[in-house]
Trainee: 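This is the structure, below, for whatever I ask next.
Predicted model, so just to flag it, every value in this text is computed and none were measured. Only this structure's heavy atoms are used, side chains among them; waters, hydrogens and symmetry mates stay out.
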Amino acid sequence: MALTPLTRRRLAVFRAHKRGFWALWLFLSLFGLSLFAEFLANDRPLLIRFEGHWYVPVLVDYSEDTFGAGFMPTEADYSEPDVEAAIRAEGWMIWPPIPYRYNTIVKNLPVPAPAPPSWHNLLGTDDQARDVLARVIYGFRLSVLFGFTLTVISSAVGVAAGAVQGFYGGRIDLFFQRFIEIWSGMPQLYLLIILGSVITPSFWILLVFLLLFSWMTLTGVVRAEFLRGRNLDYVRAARALGVSDAAVMWRHILPNAMVATLTFLPFTLSGSVTILSSLDFLGFGLPPGAPSLGELVAQGKNNLQAPWLGISAFCVLGGMLTLLVFIGEAVRDAFDPRRTSV
């Protein structure tokens with residue numbers, strides 16, 4: 001499909017914004033690697049060759065008695081010396097670059113946890129003897145996926161609400177605005193504390209709860225675009241020809257409204273990541289043990305004698321949010337109608 005001249009101009013402006021262009025590629029590269037976290041950081045081998053048979057523990061669960069009749073029929077722990085010796089006696093195995101998952105307890109530390117960085121734990125361990133680098137990789141993936149999901153769903157709901165308000169106006173717009181004013185004044189943190197005392201928050205419970213309030217971010221922008229666009233001549237002509245309201249909103253007004261909306265998305269994504277990290281830092285986020293960057297920040301605050309915890313959390317969160325801001329600036333310039341040239 002051929003690109004329109006307007007789309008080509010926007011892409012050229014985006015590529016000309018070097019900082020945002022390279023930030024996008026760096027962010028996508030890091031996120032792409034984090035999607036394969038199980039193959040980068042895991043306490044299970046990637047591949048085992050044992051007695052002429054192939055095993056893939058990173059994908060399939062095997063019991064210990066698979067590798068010897070003297071073992072128990074329980075899930076294999078490949079870090080156990082006896083299991084490892086039995087496998088290597090009849091074959092070999094390939095480990096991931098980081099032989100720990102986000103919840104793996106590192107054994108035989110030379111000092112009490114939190115242990116400082118070493119060749120075995122490049123970013124050290126936290127106060128529960130878990131590898132920090134492994135938790136950072138899994139936590140980065142979880143934060144980005146949570147932010148993406150919340151941004152996409154909240155944007156869709158917000159755009160739909162703003163479109164209905166702006167297109168119909170009148171009492172619908174009036175009542176909707178009063179509802180938004182009341183709903184936005186609800187104390188989110190107190191409600192989350194009450195929710196956390198009743199049920200244990202999970203990924204999806206937090207997502208649904210934050211979605212109840214985050215959809216209002218783009219409503220005002222889309223509402224203003226629809227209020228302006230509904231009085232344009234081509235919209236009036238379409239309605240006079242009998243085109244349905246849904247078709248007019250979808251085909252004629254929404255594409256113009258999306259220009260302003262798309263410029264907000266990278267900043268909305270960074271805000272979603274920040275919200276999750278803040279809740280985890282305060283202890284009202286994901287369940288204990290989850291790979292959370294906010295929980296790593298809290299550990300850095302509680303263990304000032306282990307500066308590698310706070311430094312790791314600051315670098316990862318700060319780097320992620322900086323990349324998203326740079327991408328947002330490039331997107332904003334690309335959709336700026338005043339940028340007529342690269």
Trainee: If every non-hydrogen atom of Ala76 is compared with every non-hydrogen atom of Phe67, which pair is closest and at what distance?
Mentor: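 So the minimum-distance heavy-atom pair works out to CB-CE1, 4.4 Å.
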Trainee: Got a sec: does the CZ of Arg19 have more than 12 other heavy atoms crowding it under 6.0 Å?
Mentor: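 For Arg19, atom CZ is crowded (more than 12 foreign heavy atoms under 6.0 Å).
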Trainee: CG/Leu262 to CG/Leu218 distance, rounded to the nearest 0.5 angstrom?
Mentor: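 The CG atom of Leu218 is 9.5 Å from CG of Leu262, to the nearest 0.5 Å.
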Trainee: Kindly give the heavy-atom pair with the smallest separation between Arg332 and Thr263, and that separation in Å.
Mentor: CA-CG2, 3.9 Å
Trainee: Which pair of non-hydrogen atoms, one from Ala313 and one from Val297, has the smallest distance, and what is that distance?
Mentor: CB-CG2, 3.5 Å
Trainee: Within a radius of less than 6.0 Å around CZ of Phe148, do more than 12 heavy atoms belonging to other residues, nucleotides or ligands occur?
Mentor: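 Count over threshold, so yes.
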Trainee: Do Thr74 and Asp65 come close enough that some side-chain heavy atom pair is under 4.5 Å?
Mentor: no
Trainee: If Ile, Leu, Val, Met, Phe, Trp and Tyr residues are connected whenever their side-chain heavy atoms lie under 4.5 Å apart, and connections chain through other members, are Ile194 and Ile205 in the same group?
Mentor: no
Trainee: According to side-chain hydrogen bond (donor to acceptor under 3.5 Å, both in side chains), who are the partners of Ser270, at least two apart in sequence or on a separate chain?
Mentor: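 Counting only residues at least two positions away or on another chain, Ser270 forms no side-chain hydrogen bond (donor to acceptor under 3.5 Å, both in side chains).
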Trainee: Quick one: side chains of residues 102-119, donor-acceptor pairs under 3.5 Å with protein atoms, not counting sequence neighbours, listed by atom name and distance.
Mentor:
{"from": "Asn103", "atom 1": "OD1", "to": "Arg101", "atom 2": "NH1", "distance (Å)": "3.3"}
{"from": "Thr104", "atom 1": "OG1", "to": "Asp43", "atom 2": "OD2", "distance (Å)": "3.0"}
{"from": "Thr104", "atom 1": "OG1", "to": "Arg101", "atom 2": "N", "distance (Å)": "2.8"}
{"from": "Ser118", "atom 1": "OG", "to": "His120", "atom 2": "N", "distance (Å)": "3.4"}
{"from": "Ser118", "atom 1": "OG", "to": "Asn121", "atom 2": "N", "distance (Å)": "3.3"}

Trainee: For Glu38 versus Val58, what's the shortest heavy-atom pair and its separation?
Mentor: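 Closest pair (atom of Glu38, atom of Val58, distance): O-CG2, 3.5 Å.
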Trainee: Going by side-chain hydrogen bond (donor to acceptor under 3.5 Å, both in side chains), name the pairs with one or both residues in residues 229-247, residues two or more places apart or in two chains.
Mentor: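 Passing the test, one end in residues 229-247: Tyr168-Asp245, Tyr234-Asn256.
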Trainee: Quick one: does Phe21's side chain get under 4.5 Å of Lys18's, heavy atoms only?
Mentor: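 No, every pair of side-chain atoms sits at 4.5 Å or beyond.
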Trainee: Shared ILVMFWY cluster between Leu123 and Leu33, side chains joined below 4.5 angstrom?
Mentor: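 The answer is no; the residues belong to distinct hydrophobic clusters.
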Trainee: List for me each residue that meets side-chain hydrogen bond (donor to acceptor under 3.5 Å, both in side chains) alongside Arg44, sequence neighbours excluded, and say none if there are none.
Mentor: Asp61, Glu75
Trainee: Less than 3.5 Å apart, which donor and acceptor atoms pair up between the side chains of residues 278-288 and the rest of the protein, not counting sequence neighbours?
Mentor:
{"from": "Ser278", "atom 1": "OG", "to": "Thr274", "atom 2": "O", "distance (Å)": "2.7"}
{"from": "Asp280", "atom 1": "OD1", "to": "Leu286", "atom 2": "N", "distance (Å)": "2.7"}
{"from": "Asp280", "atom 1": "OD2", "to": "Ser292", "atom 2": "OG", "distance (Å)": "2.6"}

Trainee: List the atom pairs, with distances to 0.1 Å, where a side-chain N or O of residues 78-99 and a protein N or O form a donor-acceptor pair under 3.5 Å, not counting sequence neighbours.
Mentor:
{"from": "Ser79", "atom 1": "OG", "to": "Asp77", "atom 2": "OD1", "distance (Å)": "2.7"}
{"from": "Glu84", "atom 1": "OE2", "to": "Arg88", "atom 2": "NE", "distance (Å)": "3.3"}

Trainee: Is the side chain of Trp308 donor-acceptor paired with the backbone N or O of Gly300 at a distance under 3.5 Å, no angle test?
Mentor: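 Looks like no, no N/O pair under 3.5 Å.
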Trainee: Counting only N and O atoms by type, is there a donor-acceptor contact under 3.5 Å from the side chain of Asp131 to the main-chain atoms of Ala134?
Mentor: yes
Trainee: Checking Trp250 now: which residues fulfil side chain to side chain contact (heavy atoms under 4.5 Å, CB included) with it, not counting sequence neighbours?
Mentor: Leu254
Trainee: Rounded to the nearest 0.5 Å, what separates atom CZ in Arg223 from atom CG in Leu227?
Mentor: 5.0 Å
Trainee: Kindly work out whether a path of hydrophobic side-chain contacts (I/L/V/M/F/W/Y, heavy atoms less than 4.5 Å apart) joins Val221 to Phe226.
Mentor: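 Same hydrophobic cluster.
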Trainee: Quick check: does any side chain N or O of Thr66 sit under 3.5 Å from a backbone N or O of Tyr62, one acting as donor and the other as acceptor?
Mentor: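 Pair absent, no side-chain N/O of Thr66 close to backbone of Tyr62.
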Trainee: By salt bridge (Lys or Arg N to Asp or Glu O under 4.0 Å), which residues pair with Arg178, not counting sequence neighbours?
Mentor: Glu181
Trainee: Tell me the closest heavy-atom pair linking Phe27 and Ile327, and the distance in Å.
Mentor: CB-CD1, 4.1 Å
Trainee: Would you compute the distance between atom CD1 of Ile153 and atom CG of Leu207 and round it to the nearest 0.5 angstrom?
Mentor: 5.0 Å
Trainee: With Phe203, which residues qualify under ring pair (Phe, Tyr, Trp, His ring centres under 6.0 Å), at least two apart?
Mentor: Phe146
Trainee: Determine whether Val159 and Leu211 fall in the same hydrophobic cluster, where Ile, Leu, Val, Met, Phe, Trp and Tyr are linked whenever their side-chain heavy atoms lie under 4.5 Å apart.
Mentor: yes
Trainee: Could you list the residues that satisfy side-chain hydrogen bond (donor to acceptor under 3.5 Å, both in side chains) with Arg15, not counting sequence neighbours?
Mentor: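 Applying side-chain hydrogen bond (donor to acceptor under 3.5 Å, both in side chains) to Arg15 gives none.
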Trainee: What class does the angle between the rings of Phe213 and Trp183 fall in, given that below 30° is parallel, 30 to 60° is tilted and above 60° is perpendicular?
Mentor: parallel
Trainee: Between CZ of Phe31 and CE of Met320, what distance do you get to the nearest 0.5 Å?
Mentor: 10.0 Å
Trainee: In this structure, would Leu30 and Val316 fall into the same cluster of hydrophobic residues linked by side-chain contacts under 4.5 Å?
Mentor: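 Linked, Leu30 and Val316 end up in one cluster.
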Trainee: Mind checking the CG-CG spacing from Leu317 to Leu296? Nearest 0.5 Å is all I need.
Mentor: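 The CG atom of Leu317 sits 8.5 Å away from the CG atom of Leu296.
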Trainee: Does any part of the side chain of Val136, heavy atoms only, come nearer than 4.5 Å to the side chain of Val132, both counted from C-beta?
Mentor: yes
Trainee: Given side chains that start at C-beta, do those of Trp22 and Phe326 come closer than 4.5 Å, heavy atoms only?
Mentor: no
Trainee: What's the verdict on side-chain contact (heavy atoms from CB on, under 4.5 Å) for Leu28 and Leu24, showing C-alpha distance, side-chain angles and the deciding distance?
Mentor: CA-CA 6 Å; Leu28 291 178; Leu24 175 63; 3.9 Å; yes
Trainee: Taking the side chain as everything from C-beta on, heavy atoms only, tell me whether Ile180 gets closer than 4.5 Å to Gln165.
Mentor: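 Ile180 vs Gln165: side chains touch.
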Trainee: In a table with atom names and distances, give each donor-acceptor pair under 3.5 Å that connects a side chain of residues 45-55 to protein atoms at least two apart or in another chain.
Mentor:
{"from": "Arg49", "atom 1": "NH1", "to": "Gly52", "atom 2": "O", "distance (Å)": "3.1"}

Trainee: With ring centroids as reference points, do Tyr100 and Tyr138 lie under 6.0 angstrom apart?
Mentor: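 Distance test on ring centres: not under 6.0 Å, no.
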Trainee: Could you tell me which residues satisfy salt bridge (Lys or Arg N to Asp or Glu O under 4.0 Å) with Arg130, sequence neighbours excluded, listed by chain and number?
Mentor: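 Once residues adjacent in sequence are excluded, the partners of Arg130 under the salt bridge (Lys or Arg N to Asp or Glu O under 4.0 Å) criterion are Asp126, Glu295.
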Trainee: What distance separates Phe36 CZ from Ser34 OG, expressed to the nearest 0.5 Å?
Mentor: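 Those atoms lie 9.5 Å apart.
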Trainee: Considering all heavy atoms of both residues, which atom of Ser214 and which atom of Thr217 are nearest to each other, and what is their separation?
Mentor: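 Reported closest heavy-atom pair: O-OG1, 2.9 Å.
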